[in-house]
Amino acid sequence: MTRLFDLLYHQVENHPNETAVSSRDASGNWISYSSREVLDAAEQAASGLVKAGLRPGDTVAIVAYKNRPEWLIMDFAIQMAGGISIPLYPTISIGEYEYILNEAEVKMAFCGALDLYDKLTAAQKKTPTLGTIYTFDSHPDRPFWKDIFDAEGISALQPIKDTIKGSDLVTIIYTSGTTGNPKGVMLTHSNIMFVVLETSNLFLTEAGEKVLSFLPMCHIYERAVSFVYYFKGASVYYCGTDNLSGPDGDLASVKPVAFTTVPRLLEKIYEAIYNKGLALEGAKRNLFFWALSLTDNYEPEQKLSFINGLKWKVADKLIFSKWRAALGGNVRMIVTGAAPCPVKILRVFCGAGINIKEAYGLTETSPTLTGNRMEPGGTLLGTVGYAIDGVDLRIDTSAGDYGEGEGEILAHGPNVMLGYYKKPEVTAEVFREIDGKKWFCTGDIGKFIPGEGGRQFLKITDRKKELLKTSGGKYVAPAPIENRFREDFLVEQIMVVGEKQKFVSALIVPAEEALKNWCEHKGIPWTSIGEMITHPKVLGKYQKIIDGLNPEFSHIEQIKKFKLVPYQWLPVHEDQSESELTPTLKLKRRVIRKKFENEIAEIYT
């Protein structure tokens, strides 16, 4: 297999599945496509694209709020027609749509919820190349995606498919970016297929087993994982994040063996668990926090004494088993990526028998570079695992004032992108020739930590562009500080500041529900989050959190002052104001600094 659409035929021939992909209909019932139905639909859609005038090398946009079989089918269809897919985030602005659609010269588009049709139609007015916009949801006045299906021309697809090579461009993914306009990452069939084949052994799923997919497929992370699921013949249930938990939620309904997630969602699950513990009383409350305390020192494959082993068995039966049941009861593993996962979160979940494996990669590397494994000695908490087969990594310690053994992470392998679309100068800036190899400069700072069997585990310590420099000339890495403070249940979000200042400070978004519970426990009447962040006892509590964690960092890294912020930072605002997070939930530091420039100024006055 060299082309991604080869996966369609691979599943039909090797793992025919009556529930290859599924999603809920408007009534909430699961509707499934079999392997054969996915293949037939993709071929008919590809035939229709060709009939509608799509030529090899033309670009087609796809955007939806939730993952759905139609997204995957159209992805395969565009590939078979020789086209290039342009996945779009549903939450970005009309202006960003205009920029991407114009730069990529998109010819047609497919979208989910009907307001996305309106956004695309608005952008179409300034996008001369964009033709028909099709919707995945039927509407009498709008082109429906199945309108393009053409069963009669399928035989004419074969000559087109025969010309498509693994080295051909298959998608341009526009990275959300924390500053400036997004850049289009050019990936080939071979780039992504390499990751699919080399990471398939990381996912402990068998043909026919159920998995859940809710991270956006417009990001290469979930898209590549979906291809892995398809390669292995798993039954994929597509959904959103709005109905995951609860007795009627998707986790309880599907009972998946695996899924992927991002640390923020794990943090929210942990916060919900913690808050439920706080609401308990008496012996139940004591038992809950006793069990939770056991995870503080959890290590993979830990060897326990008879007494400690007994304690873990009691905690598992009375507490942890309920957590697993809340995730459906069958979860064998969860893979987290896209951002650093706090070690506290990893210890809690893994200690509770919910195996979370942290992996690492970038859009530019299709995406996977490293991963922790389920095999003995295959996991080291606090790291993102070790390199997948066929990928070379090195640490460039030659530039920058980093810690011992730290430097920028460079990557070389078959999964590294062709470059940034229409940006040769920017592309040249991220590649470096060393020892006869072309290395991609990730922009991440890290170091290797030796593990069992000679494995070199990679630890990410920060982003190169996110290092701040104090007025004393000292570099500070914000990410490790922020990750540690976010482990506290009262801290929803945090951003470290201090560029060109004498000391480091922080903007902190309180976890509102947890703060309410704390105030109730302390007998402090709750009014509003805006008022509570100025309450002396609340400020004292956050100062206590800072005082407790500061000793873990060097003097220059310690937070000297802080400001509480009364609302959450979001990837999209209803009033269309500039968001504080990227679609992948990374901090837009420039935006946050600008929005809170007065608060920051007060800190340093």
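The shortest heavy-atom contact between Val170 and Thr188 is CG1-C, 3.5 Å. Here the closest non-hydrogen pair linking Thr261 and Tyr221 is O-OH, 3.1 Å. In terms of heavy-atom proximity, Ile133 sits nearest to Cys111 at CG2-SG, 4.2 Å. In plain terms, the two heavy atoms of Ser579 and Leu570 that are nearest each other are CB-O, 3.2 Å. Nearest heavy-atom pair across Ala61 and Val106 is N-CG1, 3.7 Å. Residues Val348 and Trp323 come closest through the heavy atom pair CG1-CZ3, 3.7 Å.
Side-chain contact between Pro87 and Val63: absent, with no pair of heavy atoms (C-beta onward) separated by less than 4.5 Å. Taking the side chain as every heavy atom from C-beta outward, Leu458 and Thr383 never approach each other to under 4.5 Å. Side-chain contact between Ile388 and Phe194 is present, with heavy atoms from C-beta onward closer than 4.5 Å. Residues Val257 and Lys210 are not in side-chain contact: their nearest non-hydrogen atoms beyond the backbone lie 4.5 Å or more apart. With contacts defined as side-chain heavy-atom distances shorter than 4.5 Å, the pair Thr336/Pro263 qualifies. The shortest side-chain heavy-atom distance between Ile100 and Ile92 falls under the 4.5 Å cut-off. Inter-residue side-chain proximity for Asp147 and Trp145 is flagged as unmet; no heavy-atom pair is nearer than 4.5 Å. Within the 4.5 Å cutoff, no side-chain heavy atoms of Arg324 are placed close to those of Val331.
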Worksheet entry | Phe5 and Phe76: CA distance, side-chain angles, deciding distance, ring pair (Phe, Tyr, Trp, His ring centres under 6.0 Å) verdict | CA-CA 6 Å; Phe5 60 79; Phe76 281 132; 8.2 Å; no
Worksheet item: So Arg332 and Thr205, side-chain hydrogen bond (donor to acceptor under 3.5 Å, both in side chains) or not? Walk me through it.
Response: CA-CA 9 Å; Arg332 194 177 299 144; Thr205 59; over 6 Å; no
Fill in: side-chain contact (heavy atoms from CB on, under 4.5 Å) between Thr241 and Lys66, intermediate numbers included
CA-CA 8 Å; Thr241 58; Lys66 293 182 180 180; over 6 Å; no
Discussion item. Applying side-chain contact (heavy atoms from CB on, under 4.5 Å) to Met108 and Leu49, what does each step give before you reach the verdict?
Written reply: CA-CA 9 Å; Met108 59 180 77; Leu49 289 172; 3.4 Å; yes
Worksheet item: Would Trp312 and Thr295 count as a side-chain contact (heavy atoms from CB on, under 4.5 Å) if you check the C-alpha gap in whole Å, the side-chain angles of each, and the deciding distance to 0.1 Å?
Response: CA-CA 9 Å; Trp312 276 92; Thr295 68; 4.2 Å; yes
Discussion item. For Ser213 and Glu222: C-alpha separation, side-chain torsions, deciding distance, then whether side-chain hydrogen bond (donor to acceptor under 3.5 Å, both in side chains) applies.
Written reply: CA-CA 8 Å; Ser213 173; Glu222 190 68 13; 2.6 Å; yes
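Between the side chains of Glu96 and Tyr174, no donor N or O sits under 3.5 Å from an acceptor N or O. Gln124 and Thr127 share no side-chain donor-acceptor pair at under 3.5 Å. Defined by atom type and a distance below 3.5 Å, a donor-acceptor pair is missing between the side-chain atoms of Gln44 and Asp40. Side-chain N/O atoms of Glu103 and Tyr99 include a donor and acceptor closer than 3.5 Å. In the model, Glu152 has no side-chain atom that pairs as donor or acceptor with a side-chain atom of Ser47 under 3.5 Å. A donor and an acceptor atom, one from each side chain of Lys357 and Thr379, are located under 3.5 Å apart. If you check the side chains of Gln11 and Ser35, you find a donor sitting under 3.5 Å from an acceptor. Between the side chains of Thr175 and Thr363, no donor N or O sits under 3.5 Å from an acceptor N or O. With 3.5 Å as the limit, one finds a donor-acceptor pair spanning the side chains of Thr171 and Arg223. Side chains of Gln79 and Asp75: a donor-acceptor N/O pair is present below 3.5 angstrom, by distance only. A donor atom on one side chain and an acceptor atom on the other are found under 3.5 Å apart for Thr19 and Asn17.
Ion pairing between a basic and an acidic side chain is recognised when a charged N comes within 4.0 Å of a carboxylate O; Asp316 and Lys313 show no such pairing. We find that Asp58 and Arg55 are not joined by a salt bridge, their nearest charged nitrogen and carboxylate oxygen being 4.0 Å or further apart. A salt bridge is defined here as a Lys NZ or Arg NE, NH1 or NH2 lying under 4.0 Å from an Asp or Glu carboxylate O, and Glu492 with Lys268 meets this definition. Between Glu70 and Arg68 there is a salt bridge, since a side-chain N of the basic residue sits under 4.0 Å from a carboxylate O of the acidic one. A salt bridge between Lys232 and Glu206 is absent, with no side-chain N of the basic residue lying under 4.0 Å from a carboxylate O of the acidic one.
Under the rule for a ring pair (Phe, Tyr, Trp, His ring centres under 6.0 Å), the partners of Phe231 that lie at least two apart in sequence or sit in another chain are His10.
Judged purely by atom type and a 3.5 angstrom limit, Asp6 uses its side chain to pair as donor or acceptor with the backbone of Thr2. Between the side chain of Asp168 and the main chain of Lys165, a donor-acceptor pair closer than 3.5 Å is present. Not a single donor-acceptor pair under 3.5 Å links the side chain of Asp150 to the backbone N or O of Ala45. Judged by distance alone, with hydrogens and angles left aside, the side-chain atoms of Lys255 form no donor-acceptor pair with the main-chain N or O of Leu327 at under 3.5 Å. Under the 3.5 Å distance criterion, the side-chain polar atoms of Asn191 are matched with a main-chain donor or acceptor of Val416. At least one donor-acceptor pair closer than 3.5 Å links the side chain of Gln493 to the backbone N or O of Trp569. The closest donor-acceptor contact from the side chain of Lys119 to the backbone of Pro90 lies under 3.5 Å. At least one donor-acceptor pair under 3.5 Å links the side chain of Glu358 to the backbone N or O of Cys341.
Atom CD in Glu105 sits 12.0 Å away from atom CG in Leu130 (nearest 0.5 Å). Atom CD1 of Ile269 and atom OG of Ser245 lie 8.0 Å apart (nearest 0.5 Å). Here SG of Cys239 is found 7.5 Å from CG of Asn67. Values are rounded to the nearest 0.5 Å. Once rounded to the nearest 0.5 Å, the distance linking NZ of Lys146 with OG1 of Thr135 reads 12.0 Å.
Applying the ring-ring contact (aromatic ring centres under 6.0 Å, His included) test to pairs two or more places apart or on separate chains, those with a residue in residues 21-48 are Trp30-Tyr237.
The only option from Asp115, Asp118, Asp137 that meets the salt bridge (charged side-chain N to carboxylate O under 4.0 Å, His left out) definition with Arg142 turns out to be Asp118. A side-chain contact (heavy atoms from CB on, under 4.5 Å) with Met417 is found for exactly one of Thr365, Leu187, Ile173, Leu362, namely Leu187.
Ring planes of Phe110 and Tyr134: parallel class, angle under 30° (limits at 30 and 60°).
Figure legend: Arg24 and Tyr238 shown without cation-pi pairing, the cationic atom not lying both under 6.0 angstrom from the six-membered ring centre and within 45 degrees of its axis.
Around the CD atom of Glu18, the shell of radius 6.0 Å holds no more than 12 heavy atoms that belong to other residues, nucleotides or ligands. Atom NZ of Lys161 is surrounded by more than 12 heavy atoms from other residues, nucleotides or ligands within 6.0 Å.
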